[in-house]
Amino acid sequence: MNINGLGNTYNSINTNSKQYKALKEKGWLSGVIENESMMSPEEKMIYEIFGGRDTIIKNLMKQFDSDGDLLNSNGVAGMDVTGKGTSWQKLTNVSEEHRQKMFDNVKWEFIQEKGLSNGDTTKRSDIFKDYQLSVSKDKRLSGTWTLEQYEGQYRAAMYAAVKSANPNWKPGQAFDASILDNVTRELCVDSFAASYFLIIFVNKIYAIAGSFFTIFSISDMLFSVTSAIYSNV
């Protein structure tokens, strides 16, 4: 099947492919055509010189995998949350290997950055991508969300441990890295489980009591659980 664009016929695009059908269903093709209709004669000439619609469509198709699923910025499919609400935000099984990789990375970065987050040097995206490619596409969203919860718990545990040893410490200040020797992934799992079930419990109470409880009280209790656990390590 051919694609016609600005008076030319293109034969190099497989319009039966799932990638092409996906971009068409998303309205991207109609967007390309609409943009063409607004071009001046000079713009159209330049557009054709650089490949016209054929080149545009080919580049857009690269944003989908062979199944027609949208790829994220890391080239991983199955991570599109469009139209899925929050149903994917649920705890699921994540391999011990990737939980350990995340724990090791959080600890290393916490020490290197003195408790601060540095988006320029972090390797967390590499760990998430490695995990995502290790499971089927239908498990990637919930699995990634779960791994993020573990990541947050690891960081909270390390923060609580340092604050317990030095109440005056603030992120960005140097601290004795040996403080974190007793912060283990296994202990974080216990804290994570306690926090998770506390959330469920508080949410049920909040649903009954309404505005009597606040969102702030929930986060306060979560921090209290983590701090209580690590003040005794």
Review item, side-chain donor-acceptor pairs of residues 81-92, under 3.5 Å, at least two apart:
unit_1, atom_1, unit_2, atom_2, d
Thr82, OG1, Asp80, OD1, 2.7
Lys84, NZ, Asp80, O, 3.2
Ser87, OG, Lys84, O, 3.0
Trp88, NE1, Gly85, O, 2.9

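Residues Glu113 and Thr121 have side chains in contact (heavy-atom distance under 4.5 Å, counting atoms from C-beta outward). At least one side-chain heavy atom of Val32 sits less than 4.5 Å from a side-chain heavy atom of Leu60. Annotation: side chain of Met38 is not in contact with side chain of Glu43 (no heavy-atom distance under 4.5 Å). Contact check for Tyr154 versus Val183: no side-chain heavy atoms found under the 4.5 Å cut-off.
Test Lys18, Lys137, Gln19 against Asp69 for side-chain hydrogen bond (donor to acceptor under 3.5 Å, both in side chains) and you get one pass: Lys137.
Here the side chain of Thr146 pairs a donor or acceptor atom with the backbone of Ser142 at under 3.5 angstrom. Between the Asn166 side chain and the Val162 main chain, no donor and acceptor come within less than 3.5 Å of each other. Distance alone, capped at 3.5 Å, is enough to place a donor-acceptor pair between the Glu109 side chain and the Lys123 backbone. In this structure, the side chain of Arg140 does not engage the main chain of Ser134 through any donor-acceptor pair within 3.5 Å. For the pair Ser37 (side chain) and Glu34 (backbone), a donor-acceptor distance under 3.5 Å is present.
Cluster partners of Phe50, by chain and number: Met45, Ile46, Ile49. The rule joins Ile, Leu, Val, Met, Phe, Trp and Tyr whenever side-chain heavy atoms lie under 4.5 Å apart.
Residues Trp169 and Lys114 share a closest heavy-atom pair of CZ2-O, 3.4 Å.
Under the 6.0 Å distance and 45° angle rule, Arg185 does not count as a cation-pi partner of Phe103.
Under the salt bridge (Lys or Arg N to Asp or Glu O under 4.0 Å) criterion, Glu151 pairs with Arg124, sequence neighbours left out.
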